[in-house]
Structures are given as structure tokens and as C-alpha cells.
Chemist: 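Structure provided below as C-alpha cells; questions to follow.
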Amino acid sequence: MSVAMDPVTRAFQSTKMSEKDLEGKTGQDCVRELDLTKTHTVTGEIDLNATHQLERGLKSRHIQFLALGGAIGTGLFVGSGGILSLVGPAPLFMAYLSMMFVVWVVMNNLAEMVTYLPLRGISIPYFVDRFVDPSLAFAAGWNYWYAYAMLVAAECTAGAIVLQYWTDSVPVAAWISIILLVILLLNIIAVSFFGEAEFWFASIKLITITGLVILAVVLFFGGGPNHDRIGFRYWEPNNPGAFKPYLVNGSTGRFLAYWIAFVKAGFAFITSPELIALAAGETVAPRRNIPKAAKRYVWRLAIFYGLGSLAIGVVVPYNDPRLLSPDSNASASPFVIGIARAGIRGLNHVINAAILTSAWSAGNAFLYSGSRVLYSMSLTGQAPKIFSRTSKRGVPYAAVLFTWLFGCLAFLNVSNSGATVFTWFSNISTISGFIAWIVVMITYLRFRKSMSINGMLSALPYRTPLQPHATYVVLFIVVLLTFTSGFAVFFPSEWSASSFLASYITLPIFMILYIGHKVWSKNWRFAVKIEEVDVMTGKKEMDELEATDVVPVAKNWLEKAWFWLA
């Protein structure tokens, strides 16, 4: 069994700390003073000169709503309209259900690893470096950062599309500037402030989607002002139908419709499971709160995305010209269109306002995540050290500002239709996200195998069902989705250089990063030997941190309900 030095010993040896410096300090004290990611770097160096570090300022409700806030964004409220217009309601519903299974497995992978080692400053690349290979971690880290930066731009673009619903007289650049500035302010002040803002943003979002699902049920049974019982009218053949065959007719066209919907549904979920993992290092009582958030995350997604995608197909036919598509320059979500079709006055403006807050919320969460990935990479020497600088309140301001600057790509929307730009960003970030999930699953399989070889599976504080078998199945599915994501461009009538690049540009970029790091570091080993995988560093300190956790006891039924919810 390969056992690494605990981080305090390693820090002592590498920095020659005196016994007096360590005297009277518990493992938890040392955890507070040392970022554990700084004790496990490629160079083995540790920086004790940093005066500020990330703070554990996120509570259980913050991380639960952070993950939901990132997942339930414009992918559902706006992007789903594009999928509906492309393939019809049945493939849309089926695709979201299929993607939820993928997300459930990825979430479980991350939750097991992060609950075991919820170190401060961690990110997914940290675990990739530790359990697989530094070069893969380097490529994965920059891929994550790139995806999050693109998602910030996508959410700002979506916000501008929503705002154009009310007026075209205000320049798009003005809307984008306002959205970007609000997102920056929420991320630059303090993590607790960010968490609180995200909690309320996500709350508005969840209330909105719940209300919309209820409204869809009412309209389904004819409870709208028109007293028109919609039912599954728009699913009936030629009215316009449940399926809109994609590229070719017949059963092949229906299958292709489902598959392209499956690929595009990834945008709604992509990188959202990672939000919980990235927040682990700044979470209070992580070994109690991370599993709690992970367990509830998928069930809440199933309710909101499953019912939400079904509701969209009920209230809007796929041939409505106002739905999002590259040709329509649409400025409304399918929910708002459905409300207008039902003859309900005023509510469309309320819902559109709520959808705008959802764009702000998701952009807020993605800027947070991108900056934390960059911060973590700078600690391990895989990004410039300037990005490890933090404010007195523990905010990595340099990483936040750098990531935010790339969100300014949303200004491309000024000279192109919003729908087209939104499609570019969603395609680029979706494939980056698929690659990231592939790396996560490979990392998890290595982690689990190492734990098994060392006889430590029983030491995992959180274990999920169907593992590792479910991971192998989903790994195959995501690899297939990645390589077939742009299959449409290979049809002669659908060829487009920009669409091809948006679908596949991330693959060569990832390989250049991976191979380039191999050459630069002269590390030609494919992966760390499984016997050498370090599953011990930091465990002792995290066990001690867990031992100090005091589980709150509900005093009455109201508190019980609140603890269950948040």
C-alpha cells in the first residue's frame, strides 16, 4: 500500500518549519494555515507567504442552490426552444431524461472524491493530477476554464436575447454591459455574499419553473383564459406532431432527431455537477453538506427538467416562428410564447423577468467556477501564480477578473443575431463539458481502483450505487456524444465551416494542451501507476475537520422542514 506523507509533515520537510512553528497545532489548525493543494504540486513546493486564502463561507443551502442555479439556466428557459423548433417535443423530453442519467453518474463520481478529500482550493484538475496524470490535469484544467468562460458569455448573450423582448431601442451592447457588471460585482466582493446572492437568484428560478409547470398543467386541461383544452394536441400527427424528423425522413430521421437533441441537451447540464465539487473547499462542514447536496441535486433536476421539458412541448408547437433558431432572431423563451398563445396577459413579462434573473444566476455561478479552477491551477503551477492572489475576504480577484474578461466575448452579439451567437457559445461549451466529464470519469475509476487495491473502500465517507459499472456505461455514452456531436455538418446540405469549428475545435485544443504539457514537462508516462496513486495525503486532516462538525438539531417542525430543504 502506497502511503504518502501527511501534508503537515511534507510542509515541515519542504519548508524546514521548526518544531516550535508546529507546536500545539492540531491537524485542523494546519489545514487552516496551509492550502492542501499547495502541498501536492508538480514541483512539491509550498507557498507559505500567501497572506490570504479561500474561506469556508458557503453553507449547505448555498452549495445546493449554486449547483441548481448553474443547471437550471437559459439552457432550459431559452435553449430548449431551439431544440423544440429543431426536432419536436418528444425528442426534447427524451433527450433531457437521458442526459439526467448521465449527470447523475457524473455527480456521484465527483461527490465520492470530493467528500473524501474536501480540501481548500481544490478543483477537478487537482484530482486528475493526483490520481491520473499531471499533463491530463493541465489540459483538463484549461478546458474547464475555457468552458466556464464561454458559458459566462453564453449566459450574457441569452440575457440580452431576453431583454430584447421588451424593446429594440436599447443597444444590445448596453444590456450585455449591465449583465457583465452585475456578475462581476457579485463575484468580487466575498464568497459569502456571492453564495447569498446565488441562493436568492436560484430561489426565484425554482419558484418560476415550479409555477410554469403548474401553469402547463392548467393549460393542458383548458384552464386558461381561452378555455382551450390543449392536452397533447401539438403531439398529434400533422398538428404539427411529436417528432420533427432531422435531416432525413422516416425512423432514421426520428432517431437522428433524438440524438441531436441528446447532444444539445448537454448545454443545459454541462459543468453543473462540478459546481458542488468546486465549492467543497469553501463549504462549511463539507463531509456532511456535500453528500446532502449531491443526493438532492439529481432528484430536483429530474422534477424541474423532466416536467419542464414536457411542459414546453405541451404549450408550444415546434413550428411556432417565434422559437429560438438561427433564422428567427427570437427574443422569448418557449414558456413566454406558450403564455402568449394561451391569451394570458401580463404574465409573460413577469416570467421573462424571472428568466432574466436565471441568466444572471447561471452567469454568476459560471464566473465563480471558472475563477476557482484558475485559482486552483495557479496553486499547482499549471497557471501563472498571479491567479492565486486573494483579497482579504478570500476572493481570488485576479482569477475572477481574467475569467470575466473572456465573458466579454458576448459582445459578438452586437454584430450577429442573438440566436446564432448563442448557438456558437452553447456548441463550444457543450463539447468542452463532454470532454471534462470523460476526464472526471477516468479520474474516478482510477481513484476507486486505488482505494480498492489499498483496501480502503470502507473508508469512503460517501458511496454511491451502481459503481463502478454505471461509470463505464456513461463513459462510453459521453465519448460517443463527443465524437458525433457535429454529425449534421457532414451532410452536404448542412455543411458550414463555423458549425464544424464550433462542434470540434475543442478536441484539437485539448490534445495540443495535453501533448504540449507532456513535451514541456518531459513526462512521457501515460498515467501514474495505480500502486503509486496517493489516496492518503490530506485524509487525516479532513477526518479531524469532520470530527469538529456539530450537526444542528431541529427544535421544531419548522426547523426540520428548513433543514430538509436547505
Side-chain angles (χ1 to χ4, degrees), residues 3-11 14 25-42 44-48 50 52-58 63 109-132 134 137 140-141 144 191 274-291 293-294 368-369 371-383 388 390 394 396 399 440 443-444 447 450-451 456 459-462 533-549:
V3 179
M5 292 181 287
D6 74 54
V8 177
T9 304
R10 184 180 299 195
S14 63
K25 296 181 185 285
T26 64
Q28 187 185 349
D29 293 328
C30 294
V31 167
R32 289 197 183 101
E33 295 181 11
L34 306 178
D35 248 325
L36 290 182
T37 45
K38 295 181 184 178
T39 71
H40 190 92
T41 68
V42 177
E45 296 177 354
I46 182 168
D47 178 15
L48 293 178
H52 305 295
Q53 298 173 355
L54 301 184
E55 298 294 332
R56 291 195 184 273
L58 297 179
I63 59 169
N109 292 167
L110 290 166
E112 282 195 30
M113 292 189 291
V114 171
T115 304
Y116 179 67
L117 292 171
L119 315 177
R120 287 202 300 182
I122 59 167
S123 65
I124 286 81
Y126 169 78
F127 290 111
V128 180
D129 180 2
R130 190 164 161 173
F131 302 143
V132 188
Y144 263 119
V191 69
E274 287 90 334
L275 295 176
I276 288 179
L278 288 167
E282 295 172 81
T283 301
V284 175
R287 283 195 172 170
R288 170 164 53 87
N289 288 324
I290 297 298
Y368 168 86
S369 302
S371 64
R372 269 40 178 196
V373 167
L374 200 55
Y375 169 81
S376 179
M377 290 175 65
S378 71
L379 296 180
T380 57
Q382 295 186 332
S388 62
T390 57
V440 165
T443 303
Y444 171 76
F447 165 73
S450 178
M451 293 292 284
M456 293 179 61
L460 284 174
Y462 181 54
V533 170
D534 176 12
V535 292
M536 291 300 294
T537 297
K539 179 182 182 301
K540 176 187 172 187
E541 287 70 31
M542 293 301 99
D543 289 345
E544 291 180 1
L545 183 65
E546 181 184 19
T548 65
D549 179 27

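We use all heavy atoms of the structure for the numbers below, so side chains are in, but hydrogens, waters and symmetry mates are not.
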Chemist: Nearest 0.5 Å, what's the CG-CZ distance between Leu119 and Phe127?
Modeler: 6.0 Å
Chemist: How close do Leu117 and Phe131 get, counting heavy atoms only, and between which atoms?
Modeler: CD1-CZ, 4.4 Å
Chemist: Report the residues that fulfil ring pair (Phe, Tyr, Trp, His ring centres under 6.0 Å) with Tyr116, sequence neighbours left out, ordered by chain and then residue number.
Modeler: Phe447
Chemist: Say whether, by atom type as modelled, one donor and one acceptor occur between the side chain of Thr115 and the main chain of Glu112 under 3.5 angstrom.
Modeler: no
Chemist: How close do Lys539 and Ala459 get, heavy atom to heavy atom, and via which atoms?
Modeler: CE-CB, 4.1 Å
Chemist: Can you tell me how far the CD1 atom of Ile124 sits from the OH atom of Tyr144, to the nearest 0.5 Å?
Modeler: 4.5 Å
Chemist: Give a yes or no answer on whether the side chain of Gln382 reaches the backbone of Pro134 with a donor-acceptor pair at less than 3.5 Å.
Modeler: yes
Chemist: Residues two or more places apart in sequence or in another chain: which of them pass side-chain contact (heavy atoms from CB on, under 4.5 Å) with Ser450?
Modeler: Asn454, Ile530, Val533, Val535
Chemist: Looking only at heavy atoms, which two atoms of Pro125 and Ala137 are closest? And how far apart?
Modeler: O-CB, 3.3 Å
Chemist: How far apart are the closest heavy atoms of Leu379 and Ser388, and which atoms are they?
Modeler: CD2-CB, 3.8 Å
Chemist: At their closest point, which heavy atom of Val440 faces which heavy atom of Met113, and how far apart are they?
Modeler: O-CE, 4.3 Å
Chemist: If every non-hydrogen atom of Thr537 is compared with every non-hydrogen atom of Arg130, which pair is closest and at what distance?
Modeler: O-NH2, 2.5 Å
